[in-house]
2 protein chains.
Amino acid sequence: MEKAKSKACCTLDLNTEEQTRMIHISKALGNPIRFEILKFLLTHPGCITGDIVKYLPIAQATTSQHLKVLKECRLIEGEIEGTKSCYWLNEQTLLWYKSKIAEIF
Amino acid sequence: MEKAKSKACCTLDLNTEEQTRMIHISKALGNPIRFEILKFLLTHPGCITGDIVKYLPIAQATTSQHLKVLKECRLIEGEIEGTKSCYWLNEQTLLWYKSKIAEIF
DNA sequence: ATATTATATCGTATAAATACGATATAAAGG
DNA sequence: CCTTTATATCGTATTTATACGATATAATAT
C-alpha cells in the first residue's frame with residue numbers, strides 16, 4: 001500500500017527551522033523534572049548544579065542530563081566558575097517561544 | 001546513599017494540577033507529527049480524520065493515536081458525524097496555555 | 001603532589017513513545 | 001442483510017527517553 005502525501009490547499013507557512021525549534025522547546029518543557037528545574041531557576045537564578053541536585057528527588061547524573069537538554073534548546077544558559085557551574089533561564093528563548101506560540105496559534 | 005530533598009527558600013507556587021496540565025500540553029506539542037496536525041487544523045478546521053491521514057506521511061492507525069493524545073490534553077476536540085470524525089483546535093486550551101506560559105515565565 | 005569537591009559523561013537497564021498491520025466497531029449504502 | 005467506508009483500538013516491534021552507578025575531568029584545597 002503506497003502513501004501519497006497530498007498537498008493541502010492552504011497550509012500554514014512556518015519556517016522549518018523555527019518549527020523544529022518550537023518542537024524542541026516544547027519537548028523540553030514537557031517533562032516534570034525539567035519543568036521543576038526551570039521553575040527553580042526562576043526563583044534561584046545563577047544557582048549551581050549542586051543546588052538543583054539537592055532540590056530534586058533524582059540522581060546527580062540524571063539532573064546533569066536534564067540540564068544538558070535544557071541547554072541544548074537554549075532554555076537555560078550555564079557558565080563554569082572554577083569547579084562549579086552556574087545556570088540561568090534564557091529570557092530571550094522564553095520570550096521567543098511565547099511570542100511564536102502566540103503568533104502560530 | 002540517602003537523598004534528602006531540601007526545601008528551597010522561595011520556590012514558585014504553581015497549582016499542581018495546572019503544572020501537570022502545562023507539562024502534558026507541552027509534551028503533546030513536542031512531537032513533529034502532532035505539531036503538523038495542529039497546524040493543519042488551523043487552516044482546515046472541522047476536517048475529518050481521513051483528510052489528516054492523507055496529509056501526513058504516516059499510517060492511519062498512528063494518526064489516530066496522535067489525535068487521541070491531542071484530544072486527551074484537550075488541544076483538539078472531535079465530533080463523530082455518521083462514520084466520520086471531525087476535528088477542531090480547542091481555542092480555550094491554546095489561550096490557557098499561552099497565558100499560563102506567559103504568567104509563569 | 002595528593003586529596004577533595006563539583007560536575008559532566010559513559011555504559012547500560014528499564015520505561016515510555018512511536019510506528020505498523022490486523023482487527024473491531026459502527027454508520028451508510030446497495 | 002451484506003458490503004463498503006471511516007475510524008478507533010489491539011498487539012507488538014522498534015526507537016527514544018529516562019534513570020542510575022561508575023568513572024572521567026578539572027579546579028581548588030591541603
Side-chain angles (χ1 to χ4, degrees), chain A residues 1-6 20 23-38 40-41 44-88, chain B residues 1-6 20 23-38 40-41 44-88:
Chain A
M1 194 74 78
E2 263 302 306
K3 186 81 196 298
K5 176 169 169 174
S6 74
T20 304
I23 291 164
H24 282 159
I25 294 171
S26 299
K27 192 181 280 187
L29 288 170
N31 171 283
I33 294 287
R34 285 193 294 266
F35 204 90
E36 215 55 61
I37 292 173
L38 293 173
F40 189 80
L41 288 178
H44 302 77
C47 76
I48 63 167
T49 308
D51 298 331
I52 302 170
V53 171
K54 261 185 281 175
Y55 178 62
L56 295 175
I58 57 168
Q60 178 268 319
T62 312
T63 303
S64 206
Q65 228 170 234
H66 281 302
L67 286 168
K68 194 182 180 187
V69 172
L70 292 170
K71 256 186 290 177
E72 274 165 1
C73 72
R74 286 180 281 159
L75 271 168
I76 65 171
E77 282 182 291
E79 196 178 284
I80 296 163
E81 265 183 40
T83 168
K84 301 176 180 182
S85 279
C86 306
Y87 288 103
W88 310 266
Chain B
M1 193 74 80
E2 263 302 306
K3 189 79 198 298
K5 177 171 170 173
S6 72
T20 304
I23 291 165
H24 281 158
I25 294 171
S26 299
K27 191 181 280 186
L29 289 170
N31 171 283
I33 295 288
R34 285 194 294 266
F35 204 90
E36 215 54 61
I37 292 174
L38 293 174
F40 188 80
L41 288 179
H44 302 76
C47 75
I48 63 167
T49 307
D51 297 331
I52 302 170
V53 171
K54 262 184 280 174
Y55 178 62
L56 296 175
I58 57 167
Q60 178 268 321
T62 312
T63 303
S64 206
Q65 232 171 231
H66 281 302
L67 286 169
K68 194 183 180 186
V69 172
L70 292 170
K71 257 185 290 175
E72 274 165 0
C73 72
R74 286 180 280 158
L75 271 168
I76 66 170
E77 281 181 293
E79 197 179 283
I80 297 163
E81 266 182 41
T83 169
K84 301 175 180 183
S85 280
C86 307
Y87 288 104
W88 310 266

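- Across C:dA19, D:dA19, C:dA8, the shortest atom-to-atom separation from the side chain of A:I33 is found for D:dA19.
- Two residues, B:A61 and B:G82, neighbour DNA chain C, and the one matched to the more 5' nucleotide by heavy-atom proximity is B:A61.
- One interatomic measurement links the two molecules: CD1 of B:I23 to P of D:dT18, which rounds to 12 Å at whole-angstrom precision.
- Proximity note for B:A59 (side chain, C-beta onward) versus D:dT9, C:dT9, C:dC20: the nearest is C:dC20.
- When heavy atoms are screened at a 4.0 angstrom cut-off, B:I80 is found touching no nucleic acid atom at all.
- With hydrogens and angles ignored, no donor-acceptor pair closer than 3.5 Å exists between the side chain of A:Q60 and the base of C:dA6.
- Inter-residue side-chain proximity for B:L56 and B:H66 is flagged as unmet; no heavy-atom pair is nearer than 4.5 Å.
- Between A:L70 atom CG and C:dT7 atom P there is a gap of 16 Å when expressed in whole angstrom units.
- Residue A:T49 has a polar side-chain atom (N or O) positioned under 4.0 Å from OP1 or OP2 of C:dA8.
- A sub-4.0 Å separation between OP1 or OP2 of D:dT18 and a side-chain N or O of A:R34 is present.
- The side chain of B:S85 places an N or O atom within less than 4.0 Å of a non-bridging phosphate oxygen (OP1 or OP2) of D:dA8.
- An OP1 or OP2 oxygen of D:dA6 is reached within less than 4.0 angstrom by no side-chain nitrogen or oxygen of B:Y87.
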Atom pairs and distances, side-chain donor-acceptor, residues 72-81 of chain A, under 3.5 Å, sequence neighbours left out:
none

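- One can place CD1 of B:I37 at 14 Å from C1' of D:dT7, the figure rounded to the nearest angstrom.
- In this structure, B:I52 and B:L41 have side chains that are in contact, with non-hydrogen atoms separated by less than 4.5 Å.
- Side-chain N/O atoms of B:Q65 and base N/O atoms of C:dA17 include no donor-acceptor pair closer than 3.5 Å.
- Applying the 4.0 Å criterion to OP1 and OP2 of C:dT18, one finds that B:N31 has a side-chain N or O inside that range.
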Show your working on side-chain contact (heavy atoms from CB on, under 4.5 Å) between A:D51 and A:H44 and close with a plain yes or no.
-> CA-CA 9 Å; A:D51 298 331; A:H44 302 77; over 6 Å; no

Test B:T63 against B:I33 for side-chain contact (heavy atoms from CB on, under 4.5 Å), laying out the working first.
-> CA-CA 8 Å; B:T63 303; B:I33 295 288; 6.0 Å; no

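- Following rounding to the nearest Å, A:H66 (NE2) and D:dC20 (C1') show an atom-to-atom distance of 12 Å.
- The CD1-C1' distance, from B:I48 to D:dT7, rounds to 10 Å in whole Å.
- In this structure, the NZ atom of B:K68 is 13 Å from the C1' atom of D:dT7, given to the nearest Å.
- Between A:I23 and B:N31, the closest heavy-atom pair is CG2-N, 3.8 Å.
- Atom CD in A:E79 sits roughly 18 Å away from atom P in C:dA6 (whole-Å rounding).
- The interatomic distance linking A:L67 (CG) with C:dT9 (P) rounds to 11 Å, in whole Å.
- If A:K27 and A:T62 are placed on DNA chain C by their nearest nucleotide, the residue sitting closer to the 5' end is A:T62.
- Along DNA chain D, the nucleotide nearest A:E81 and the nucleotide nearest B:K84 are compared for position; the residue whose nucleotide lies closer to the 5' end is B:K84.
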